[in-house]
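Being a predicted model, the structure only gives us computed values, none of them experimental. Throughout, a chain's letter reflects where its sequence line sits, starting with A, and its residues are numbered from 1.
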Number of protein chains: 2
Amino acid sequence: MKRKPAKDTGEESGGTAPGGIQALDAALSVLRVLRSFDGPAALSDIAREAGMPPSKVHRYLASFIHAGLAVQKERSGRYDLGREAAELGVAAISRNNFVVRASDELEELAAATGQAALLAVWSHHGPTVVRLERGPNLTTTSIGLGSTFPLLDSATGRIFLSYLAQQQLAGRLHHELERAATAGVSWPDLNPDVASVEALTAKVRRERVAYVDGRFIPGLSAISSAITNWQGEIEVAVTLFGTHKELLEPGSATRTALVDFASRHSIVPPAQLGNASDRAR
Amino acid sequence: MKRKPAKDTGEESGGTAPGGIQALDAALSVLRVLRSFDGPAALSDIAREAGMPPSKVHRYLASFIHAGLAVQKERSGRYDLGREAAELGVAAISRNNFVVRASDELEELAAATGQAALLAVWSHHGPTVVRLERGPNLTTTSIGLGSTFPLLDSATGRIFLSYLAQQQLAGRLHHELERAATAGVSWPDLNPDVASVEALTAKVRRERVAYVDGRFIPGLSAISSAITNWQGEIEVAVTLFGTHKELLEPGSATRTALVDFASRHSIVPPAQLGNASDRAR
DNA sequence: GAAATGCATTGCATAATACGCAAATAGGAG
DNA sequence: CTCCTATTTGCGTATTATGCAATGCATTTC
């Protein structure tokens with residue numbers, strides 16, 4: 001096969017895996033480009049973004065379509081991710097033991113509290129719904145798998161805000177703070193500045209729950225708690241939501257059940273096993 | 001590159017996409033194999049399942065790992081799906097509106113089967129038509145966008161009756177059962193009592209279709225199937241209808257096409273996420 | 001209405017690259 | 001320590017992916 005005859009400057013292994021296959025690396029980078037679009041994308045746009053000739057990308061896409069990872073809409077249309085991509089993602093998520101175990105009991109939690117319940121994990125877009133259990137009282141909602149929540153404005157978001165490492169949050173947090181500042185928005189319990197956010201997250205970690213009342217979705221109250229792994233990092237957020245504000249009260253049965261649920265599915269880091277940095281290296 | 005020197009029996013395009021790339025097709029089939037396992041898998045198992053030499057699979061996996069689609073656990077360990085796979089799936093699902101996706105092909109379904117076709121979703125009033133494709137043979141009908149169907153009396157309604165959670169149906173189902181009981185109505189295949197309804201829905205779930213012949217609308221036969229999401233919950237019902245009763249027969253081309261259409265647009269949940277039939281009732 | 005533009009798609013010749021085989025290395029068990 | 005299983009890596013070959021350019025299709029522009 002030919003290579004671009006021009007540059008061969010010596011810097012060779014720029015994006016190739018050791019022991020991997022060049023063509024496959026190239027193809028997978030196209031898949032990532034396809035994912036990075038918000039919706040269906042034209043061949044020329046994908047090719048430009050990937051830095052490859054359209055004919056090459058077209059052949060990759062033909063194989064992706066064959067595998068079901070991509071689809072082509074309408075006659076002579078644009079490309080989008082396909083059903084197989086969705087199934088792959090669901091399978092990947094279901095390999096996460098925390099999600100699987102919590103899913104098994106999520107229905108019980110919803111039934112016991114009489115509220116709708118969801119599980120969310122962090123993906124690079126933000127907190128993302130991976131499991132949803134509609135309660136008896138909630139018929140319709142704009143929330144579904146793949147929905148993402150804001151960090152500042154939602155119970156689920158605030159849990160990640162409080163438990164996730166600063167550097168993972170940084171990009172999105174800055175963005176939301178800036179938007180809030182320029183729009184002149186502020187909330188009853190939060191101002192759009194770093195100090196105020198710090199105070200909020202401290203409170204959330206102390207109480208082990210975060211909540212909002214009818215802010216992100218009008219008329220809907222939500223309360224969320226964290227399921228953590230052996231390092232004390234958040235793996236999943238569990239959120240209950242409904243139309244009554246009473247579920248937020250410190251002593252409420254709902255709140256107690258939620259915290260209990262989160263604790264039972266968390267792994268409490270053993271306190272006196274030496275600190276993690278010793279074991280890490 | 002070499003090919004298996006032995007068999008080249010002439011059966012050529014067994015699994016290759018037209019205009020696609022052979023190596024990529026092979027690699028993606030490995031990805032699918034990896035997904036088909038319940039958890040982490042050994043190289044030799046993946047290779048055997050994919051029908052390829054381990055060295056080939058190993059190189060594919062190296063590229064998958066490089067792209068984040070796969071991970072290798074521990075030292076010299078087994079392979080599993082990676083974070084990028086989850087992100088890919090979330091992206092696919094969040095931009096994937098079941099109604100829109102199915103709408104794109106509804107016309108083809110109608111043309112291929114020669115029947116009229118519709119899509120219906122659940123709104124608080126009941127099954128509601130959101131897309132309608134009049135077939136070549138059907139000129140006029142009382143069905144239009146926004147029409148709602150009864151639960152007991154229509155193919156579309158019976159699909160929702162069989163796949164939707166009990167609590168969402170409760171109100172309307174009670175109402176219809178009561179009306180039928182007081183009016184003394186009954187049907188050839190259904191009595192207005194809970195046990196009879198239960199038997200019907202079990203049959204529907206088993207056969208994956210529900211149908212009626214000229215009952216809801218005299219002289220009109222209809223057959224319906226469910227498009228389900230990642231949790232096994234119904235998102236949309238697809239219904240074909242026409243004046244001939246033959247389309248209801250188990251082996252008919254129409255029925256086969258319908259079930260195929262529905263499964264192609266459904267997301268099959270992995271076994272570990274708990275199965276939907278447990279939660280359905 | 002006709003030309004023109006912007007796409008996606010597809011032959012084709014070439015040599016670059018992925019493949020199969022087999023050797024090597026690592027890990028685990030007895 | 002030794003064997004055994006399973007993963008990883010070199011290497012030569014010809015199969016196959018690639019860039020280029022021509023084709024086809026559709027929508028737009030004048």
message: So B/Ser44, base contact, sugar-phosphate only, or nothing? Heavy-atom distance under 4.0 Å.
response: sugar-phosphate

message: Reading DNA chain C from 5' onward, which residue's closest nucleotide shows up sooner: A/Ala23 or A/Tyr79?
response: A/Tyr79

- request: Determine, step by step, whether A/Glu87 and A/Arg83 satisfy the salt bridge (Lys or Arg N to Asp or Glu O under 4.0 Å) criterion, reporting the C-alpha distance in whole Å, the side-chain angles of both residues, the deciding distance to 0.1 Å, and the verdict.
  value: CA-CA 6 Å; A/Glu87 301 218 355; A/Arg83 200 206 58 176; 3.7 Å; yes

task: Write down the distance between NZ (B/Lys56) and P (D/dT16), rounded to a whole number of angstrom.
output: 9 Å

query: Looking at the side chain of A/Arg59, which of C/dA18, C/dA8, C/dC12 is the nearest nucleotide?
result: C/dC12

message: Within the 4.5 Å heavy-atom criterion, are A/Leu106 and A/Arg131 side-chain neighbours or not?
response: yes

field: Distance test, side-chain N/O of B/His58 to OP1/OP2 of D/dT8, below 4.0 Å
entry: yes

task: For A/Glu235, enumerate each residue passing the salt bridge (Lys or Arg N to Asp or Glu O under 4.0 Å) test, keeping only those at least two apart in sequence or located in another chain.
output: none

task: Return the nearest nucleotide to the side chain of B/Pro53; candidates are D/dA17, C/dT9, C/dG20.
output: C/dG20

query: Between atom NZ in A/Lys73 and atom P in D/dA26, what is the gap in whole Å?
result: 20 Å

task: Kindly point out which of D/dG19, C/dC19, C/dT17 is positioned nearest to the side chain of A/Ser55?
output: D/dG19

task: Tell me whether the OP1 or OP2 atom of C/dC7 has a side-chain N or O from A/Gln72 closer than 4.0 Å.
output: no

